[in-house]
Amino acid sequence: MSSLKQFIRNVRSAKTIADERAVIQKESAAIRASFREESHDSSIRRNNVAKLLYLFTLGERTHFGQIECLKLLASHRFADKRLGYLGTMLLLDENQEVLTLVTNSLKNDLNHSNQYIVGLALCTLGNIASVEMSRDLFPEVESLMSTANPYIRRKAAICAMRICRKVPDLHEHFLEKAKNLLSDRNHGVLLCGLTLAIDLCEAEEEEDEEGGPVGVIEMFRPLAGGLVRALKGLTTSGYAPEHDVSGITDPFLQVKILRFLRVLGRGDVATSELINDILAQVASNTDSSKNVGNSILYEAVLTILDIEADSGLRVLGVNILGKFLANKDNNIRYVALNTLNKVVAIEPNAVQRHRNTILECLRDPDISIRRRALDLSFMLINEDNVRVLVRELLAFLEVADNEFKSVMTTQIGIAADRFAPNKRWHMDTILRVLKLAGNYVKEQILSSFVRLIATTPDLQTYAVQKLYSSLKEDISQEGLTLAATWTIGEYADSLLQGGQYEEEELVKEVRESDLVDLFTNILNSTYASQIAVEYIITAAMKLTVRMSDPAQIERIRRLLSSRTADLSVEIQQRAVEYTNLFGYDQIRRGVLERMPAPEIREEQRVLGAASTTKKRQSKLLRGKSTTKVAKPAEHDLLLDLVGGDAPVTSPTSNGSNTADLLADILGGDSGMSSPSPGPAGQKNSNSAIMDLFGSNGPSPQPTQPASASMDLLGAGGLGASAPSPSGSPAPVTASTPAHTALNKDGLVLTLQVQRSGANAQILARFRNDASFGRFTSVGLQAAVPKSQRLQLSAISKADLDAGDEGTQQMRVTALNGGLPAKLRLRLRVTSARDGGNPVTDQVDWSEP
């Protein structure tokens, strides 16, 4: 048989894959034949196993050599054991049945007099230990952690970590041993002991989240002082040849100590105060000119930001990350941006100081750095810097890759809607976005822009002239086409009359024929998508009552007639309807009047536009009908409780369904009895429904007419609202104080209350504060005491990406007298994170 070196040469000299496969198959057959001969020469067995390991690296099948590895373990020669243990680690795993035969060999070798054989056994056990092996061999590993040999102690510590991961019940056997290792003077032993201790503490944190036992971290906290002294000694020590790395003493141990101090100081003020000074010393004295120093600084920053550090130390940590941004190494800049994205919510002012450096990263050639810098730039926007940052972001949008444009247009629209200094600036900003990336603008941004124009009469002439001139220059951006078409259709009379503005291009005369020519050019171009055609035919029809030239009106009539045979049924239907309207001039002028300015409610803002509102407005823009059918009042009673989306029982159904539904909402503790049938039973059911907080006192219920309905979506004109004793409450404004009702796993629920007499308007705002992750199927259910009545609308946005917001309106009405000084609500919030199973949280909220 050939040697290992010759076998490797033969494989590498193969000119084709077929030749290589032939060499491998021939050698594999020879190895099998050698195994069958049962040779007692250990050198032949070692040679065969070495070839098997090479075949393993090539991805070939090597299962037939597992038993040979076990035979090598039984040998007394160190060379045999070394290769046997290597083969065992590579060719076997914890799921192999053959592994049960290794336990006895490991047990013998763990008690061997040769430290290197003990080290081989510990290394193998730490790589392939199963649950059964861990339970059988943990006493040997526990005793080896106390041996005088540092070589064995550090390997035993790492092996103990594998055993604790496999069998968490064995943690208590290694806690005292781990504490002893943390006071060891040997750097290698201390490093391995810290690794074991960190693993034990992190396992306890996971158990704590799941309701498991606690106490491991408290057991290690008294050792923080010794670790601080050890870290101080490493930072101030002179040159040590055996531990020096680029002029820094044992950076690996420094990083591990910092990481363990972070675990110990998290959530503990006393421990955090103890390690504050050493963190400041490390952050100030570590050399940042080399990558080794940067690794220590980065770990120190993570520790500063995770413990209960004072504000000055946090600012120091943010400044270190700011220096990282000026580093030439792409990896360091990426790490800094990624960390600053998590820090900006904690120390926004400190991060703001590095705004210019962050904006410079938008021009970096590395796309991953540009993406992180872009995310961070949006998080920095506030009322003071919105002009500067949005100007820089618009400049970046002009040269950005297409994959960035969709997110950027949405984020700029949100920032403009939230922080715009005035409506003129807001309008110019969105117009610039439409001109630069109109094809990537989402419907929410377009709807918000249209509402802005419709609700700002003094800027309507300015807006229509700017949009007209922009559309005349470029018809390739669909978002610009849609916004300009709608605006021209509504306010063409202002465009034709002209207006005096400071911009010269706005005072040029616009003729009626120019508008018709523009629409015709778009329809005849390759940019005329179906939605653009829908907008244009509706806008062109509106022009017929805003123009005075019969020739141009006739051109529009012919243009509409040409679309009566369009392949799109929607376009064809509208074209036929509009063409027929030409025969009824009086009706046509009434139908095509200007749309009234919509009432801008908080849930209609771009931050959380209601899905139903968006669909309705989109249909209005295209001329579609939006008739809604009101629900009867009997159903409203349950809709108030379950949020409008739960199944509603009919008035004739068994009342127990209602009781079961409410018991499910309130966690089964409402204490309601099943209502009896008949009129009296219905009255008892209503009383039980309203008595949600366990009140036993009787309360008369007002009679509701069967035809009454409530506008659960809060949209005017879509159904009559139920009358309230004191009229409608004042709308919730941005200045109304917000109270946090729930903050869990990045999902934050805040409530804003606006009172008016016997009514209260409540705006529930859901926000995804997680840097990464997405919440889906977000919903809110609410209940009030029996002396009040609740009106709950649908949530504006049930799926929340990072930074997104959704809103939900509630109206509380007092049935007898006024509302109490403090409102009380029982809330049930449902959500699913990152596509996981839905989670329900129930809280009782009282108004502060």
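Applying the side chain to side chain contact (heavy atoms under 4.5 Å, CB included) test to Asn382 and every residue at least two apart in sequence or in another chain returns Gln352, Asp384, Asn385. For Thr776, the side chain to side chain contact (heavy atoms under 4.5 Å, CB included) partners two or more places apart in sequence, or in a different chain, are Arg774, Asp799, Ala832.
For the pair Arg370 (side chain) and Asp364 (backbone), a donor-acceptor distance under 3.5 Å is present. Under a 3.5 Å cut-off, the side chain of Asn422 and the backbone N or O of Arg424 do form a donor-acceptor pair. At least one donor-acceptor pair under 3.5 Å links the side chain of Ser272 to the backbone N or O of Glu308. Panel note: side chain Asn768, backbone Leu800; a donor-acceptor pair is recorded below 3.5 Å. Of the possible polar contacts, none joining the Thr807 side chain to the Arg765 backbone as a donor-acceptor pair under 3.5 Å is found. Side chain of Thr286 to main chain of Ala283: no donor-acceptor pair is present (N/O by atom type, distance under 3.5 Å, no hydrogens or angles). In this structure, Thr429 contributes its side chain and Ala416 its backbone to no donor-acceptor pair below 3.5 Å. A donor-acceptor distance shorter than 3.5 angstrom exists from the side chain of Gln808 to the backbone of Ser793, with no hydrogens or angles considered. With hydrogens and angles ignored, the 3.5 Å screen pairs no side-chain donor or acceptor of Ser284 with any backbone N or O of Gln281. Asp804 places a side-chain N or O within 3.5 Å of a backbone atom of Asp801 that can act as its donor or acceptor partner.
Summarising the geometry of Leu274 relative to Val228, their closest heavy-atom pair is O-CG2, 4.4 Å, with the distance given to 0.1 Å. Summarising the geometry of Lys290 relative to Ser246, their closest heavy-atom pair is NZ-O, 3.5 Å, with the distance given to 0.1 Å. For the pair Ala415 and Ile381, the tightest heavy-atom approach, listed with the atom from each and the gap, is CB-CD1, 3.7 Å. Residue Leu190 comes nearest to Leu182 through the heavy atom pair CD1-O, 3.4 Å, listed as atom of the first residue, atom of the second, then distance. Closest heavy-atom contact between Thr410 and Ser406: OG1-O, 3.1 Å.
Residues Leu321 and Phe324 meet the side-chain proximity criterion, which asks for heavy atoms closer than 4.5 Å. Two residues are said to be in side-chain contact when any heavy atoms from C-beta on lie closer than 4.5 Å; Leu279 and Leu313 meet this criterion. Contact of the Leu227 side chain with the Leu194 side chain is registered, since non-hydrogen atoms from C-beta on lie closer than 4.5 Å.
Using a 4.0 Å cut-off between charged nitrogen and carboxylate oxygen, Glu805 and Arg418 count as a salt-bridge pair. Under the 4.0 Å criterion applied to side-chain N and carboxylate O atoms, Arg262 and Glu299 are assigned as salt-bridge partners. Residues Arg432 and Glu398 are paired through a salt bridge, judged by an N-O separation under 4.0 Å between the basic side chain and the carboxylate. Using a 4.0 Å cut-off between charged side-chain N and carboxylate O, Arg333 and Asp366 make no salt bridge. Ion pair Asp199/Arg165 flagged as a salt bridge, since at least one NZ, NE, NH1 or NH2 atom sits closer than 4.0 Å to an Asp/Glu carboxylate oxygen. The pair Asp841-Arg828 does not meet the salt-bridge criterion, since no charged nitrogen lies less than 4.0 angstrom from a carboxylate oxygen.
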Requested in this report: Carefully, step by step, assess Ser183 and Leu223 under the rule side chain to side chain contact (heavy atoms under 4.5 Å, CB included).
Outcome: CA-CA 8 Å; Ser183 58; Leu223 303 178; over 6 Å; no
Requested in this report: Starting from the C-alpha separation in whole Å, work towards a yes-or-no answer on salt bridge (charged side-chain N to carboxylate O under 4.0 Å, His left out) for Arg371 and Asp375.
Outcome: CA-CA 6 Å; Arg371 182 179 289 111; Asp375 295 340; over 6 Å; no
Query - Step-by-step side chain to side chain contact (heavy atoms under 4.5 Å, CB included) determination, Phe404 to Ile367 - result: CA-CA 10 Å; Phe404 289 121; Ile367 188 172; 3.7 Å; yes
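Rounded to the nearest 0.5 angstrom, Leu823 CG and Glu847 CD are separated by 4.5 Å. Taken from CD1 in Ile278 to CG in Asn276, the straight-line distance is 11.0 Å, to the nearest 0.5 Å. The structure places CD of Glu347 at 11.5 Å from CG of Leu316, a figure rounded to the nearest 0.5 Å. Rounding to the nearest 0.5 angstrom, the gap separating the CG atom in Asn356 from the CD atom in Glu360 is 7.5 Å. Considering CE of Met427 and CG of Leu452, their distance stands at 4.0 Å, rounded to 0.5 Å. Annotation: the span from Lys232 atom NZ to Asn285 atom CG amounts to 10.5 Å, rounded to 0.5 Å.
Aromatic ring centres of Phe766 and Phe775 lie farther apart than the 6.0 Å criterion allows.
In this structure, Phe419 places its CZ atom where more than 12 heavy-atom neighbours from other residues, nucleotides or ligands lie under 6.0 Å away. Within a 6.0 Å sphere centred on NZ of Lys323, other residues, nucleotides and ligands contribute 12 heavy atoms or fewer.
Judged purely by distance below 3.5 Å, without hydrogens or angles, the side chains of Thr830 and Thr840 never pair a donor atom with an acceptor atom.
Ring geometry for His243 against His187 counts as parallel: the plane angle stays under 30°, on a 0 to 90° scale with 60° as the upper cut.
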